[in-house]
Number of protein chains: 2
Amino acid sequence: MYTIKEVSQKTHLTPYTIRFYTDKGLVPNIQRNKNNTRLFNEESIGWLIRVKYLKDCGMPIKVIKHYVDLYLEGTDSLLPRYKIILEYTHLAQKQLEDAKKRVKFMQHKVKHYTELINKTNGNTSDIINTKECLHDNFIR
Amino acid sequence: MYTIKEVSQKTHLTPYTIRFYTDKGLVPNIQRNKNNTRLFNEESIGWLIRVKYLKDCGMPIKVIKHYVDLYLEGTDSLLPRYKIILEYTHLAQKQLEDAKKRVKFMQHKVKHYTELINKTNGNTSDIINTKECLHDNFIR
DNA sequence: TGCTTGACTTCGTGTTGCTCGAATGTTCTA
DNA sequence: TAGAACATTCGAGCAACACGAAGTCAAGCA
C-alpha cells in the first residue's frame, strides 16, 4: 500500500491531480486507513497510468469515468468499451500526425533562425528580403 | 481584407478563438473599419496559423505574446526569439514521442478487445485469466 | 421609408482540468 | 514537548477558450 506521495513519484502525476482523479471516481476501489488517508495498491497505480494515457489521447474526464464504470460492469460492456477505445485510437493517430507537422514547423523555424543569426554575425550586409523572408509564411 | 468568419474557415479556428487571440495581442496590426469590425489580411491569417502551431507545441498564450512583441522589436531580438523557439522545439519533439507511445497503447487495447470479443462470440468457454488478462498492466 | 435580416461588436458568465492555499489532523523524531 | 512532515477537505484561482445576451450597423426589400 502506497501513500499519495509515493504514487506521485511512480506515476509522474502531482498529488493534486491524483486527488482530483480519485475524487472523480477514475480509480476504482481506493481504500482509506483510519486517518482517512488514501491507500493505493499496484492496481490503483495501473489505473492512474491508464487514465493518464486516455486523457492525453483527448478523452474527457467524463468519458474516462464512463469507461471505468463500464469496466466495472464486467464482460457485458465489452462492446461499448471497445467502441470508445476505437474512437480515441483514431484521435490519437490524428494527434500523432499533428505532432509530426509541429516538429517540422519548429525545425523549419530553427533552421531559419540559425541562418539569420549567422548572417547577422558575419557580413551583416546581406540580410535579403527585408523583414526576414516575407515570402515564407511559416516564418516570423 | 477578410471578416472574422472567412478567417475562421481559412484557419479552422472559431470566431471566439480568433477574437480571443486578437484581443490578447497575438496578431499584430489588426485593422478595424468604421463599424469597428476587425479586418484581417493575409499577414493576419499567417500570424493566426503560426500562433496555432506555437500554442499546440505547448507554448502558453503569454509566451506567444512575448514572442510576437519580440518580433515587432526587429532584428535586435533575434537571439531571444531563437531561444524560445529552440525550447519549444524540444517540447514538440517530446510531444511527438509521447504521441507515438499513446498510439501504441491504444492499438494494444484495440487488439486486446478484438481478441476478447471474438472469443466471447465464439466458444465462450475459454476466457482465460479471469478479469481480462490481469497480468497485462495496459489492459482494463 | 421603414423593417427585417444577418454579421459583427463588447461584456460577462460558464466549462474543463487542474493548481494551490488555508485550516486541520496524525505521526514520527529530536 | 515541540515541530517537521506528511495527509485531509474545501473553496478559490487560473488558462484557454465557449457561449449567450444585448447592442450596432449596413444591405436588401416591400
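Just so we're clear, the structure is a prediction, and the values are computed from it rather than from any experiment. When reading the values below, keep in mind they use all heavy atoms of this one structure, side chains included, and skip hydrogens, waters and symmetry mates.
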Colleague: Closer than 4.0 angstrom, basic N to acidic O: yes or no for B/D98 and B/R102?
Modeller: no
Colleague: Any salt bridge between B/R38 and B/D23, counting N to O under 4.0 Å?
Modeller: yes
Colleague: Going by the angle between their ring planes, with limits at 30° and 60°, are A/Y82 and B/Y113 parallel, tilted or perpendicular?
Modeller: tilted
Colleague: From the options C/dC8, D/dC6, C/dG17, select the nucleotide whose nearest atom is closest to the side chain of A/K5.
Modeller: D/dC6
Colleague: Atom CG of B/L13 to atom P of D/dA18: distance rounded to whole Å?
Modeller: 9 Å
Colleague: Between D/dA16 atom C1' and B/K65 atom NZ, what is the distance in whole Å?
Modeller: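 Taking NZ of B/K65 and C1' of D/dA16, I get 17 Å after rounding.
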Colleague: Can you list every pair that meets ring pair (Phe, Tyr, Trp, His ring centres under 6.0 Å) and has a residue in residues 5-27 of chain B, with sequence neighbours left out?
Modeller: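 As it turns out, there is no ring pair (Phe, Tyr, Trp, His ring centres under 6.0 Å) pair with a partner in residues 5-27 of chain B once direct neighbours are skipped.
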Colleague: For B/N36 and C/dC8, give me the distance from atom CG to atom P, rounded to whole Å.
Modeller: 13 Å
Colleague: Starting from P on C/dT13, measure out to CZ on B/F20 and report it in whole angstrom.
Modeller: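 After rounding, the reported distance stands at 17 Å.
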Colleague: From CG of B/L48 over to C1' of D/dC17, roughly how many Å is that when rounded to an integer?
Modeller: 15 Å
Colleague: Just how far is it from atom CG of B/L70 to atom CG of B/D76, taken to the nearest 0.5 Å?
Modeller: 10.5 Å
Colleague: Check this one for me: any side-chain N or O of A/K62 less than 4.0 Å away from OP1 or OP2 of C/dT16?
Modeller: yes
Colleague: Nucleotide by nucleotide, 5' to 3', does protein get under 4.0 Å of the base (B), only the sugar-phosphate (S), or neither (-) in nucleotides 20-27 of chain C, counting heavy atoms?
Modeller: B-----SS
Colleague: Report the distance from atom CG of B/D23 to atom P of C/dC8, rounded to the nearest whole Å.
Modeller: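 In whole Å, C/dC8 P and B/D23 CG are 15 Å from each other.
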Colleague: So how far is it from A/Q95 CD to B/M106 CE, rounded to the nearest 0.5 Å?
Modeller: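 It comes to 9.5 Å.
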Colleague: In whole angstrom, what separates B/N33's CG from D/dA26's C1'?
Modeller: 10 Å
Colleague: Can you find a side chain N or O atom of B/R38 that sits less than 4.0 Å from OP1 or OP2 on C/dC8?
Modeller: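 So the side chain of B/R38 is outside the cut-off, no N or O lying under 4.0 Å from OP1 or OP2 of C/dC8.
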Colleague: Taking 4.0 Å as the cut-off, does a side-chain nitrogen or oxygen of A/Y21 come that near to OP1 or OP2 on C/dC18?
Modeller: yes
Colleague: For C/dG17, take OP1 and OP2 only and decide whether either is under 4.0 Å from a side-chain N or O of A/T17.
Modeller: no
Colleague: Name the nucleic acid region contacted by B/P15, choosing base, sugar-phosphate or nothing; use a 4.0 angstrom heavy-atom cut-off, strictly under.
Modeller: nothing
Colleague: Closer than 4.0 Å, any side-chain N/O of A/T3 to the OP1 or OP2 of D/dA7?
Modeller: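 So the side-chain polar atoms of A/T3 do come within 4.0 Å of the phosphate oxygens OP1 or OP2 of D/dA7, strictly under.
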Colleague: Please tell me if A/K24 has a side-chain N or O lying less than 4.0 Å from either OP1 or OP2 of C/dG17.
Modeller: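 The answer is no; no side-chain N or O of A/K24 sits under 4.0 Å from OP1 or OP2.
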Colleague: At under 4.0 Å, does any side-chain N or O of B/R32 touch on OP1 or OP2 of C/dT10?
Modeller: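 It does, given that an N or O in the side chain of B/R32 lies less than 4.0 Å from OP1 or OP2 of C/dT10.
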Colleague: Return no unless some side-chain N or O of A/R19 is found under 4.0 Å from OP1 or OP2 of D/dT9.
Modeller: no
Colleague: If I take atom CG from residue A/L79 and atom CG from residue B/L116, how far apart are they, to the nearest 0.5 angstrom?
Modeller: 11.0 Å
Colleague: How long is the line joining CG of A/L26 and C1' of C/dG17, in whole Å?
Modeller: 11 Å
Colleague: So with a 6.0 Å cut-off around CG of B/N29, is the heavy-atom count from everything else above 12?
Modeller: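 Result for CG/B/N29: open.
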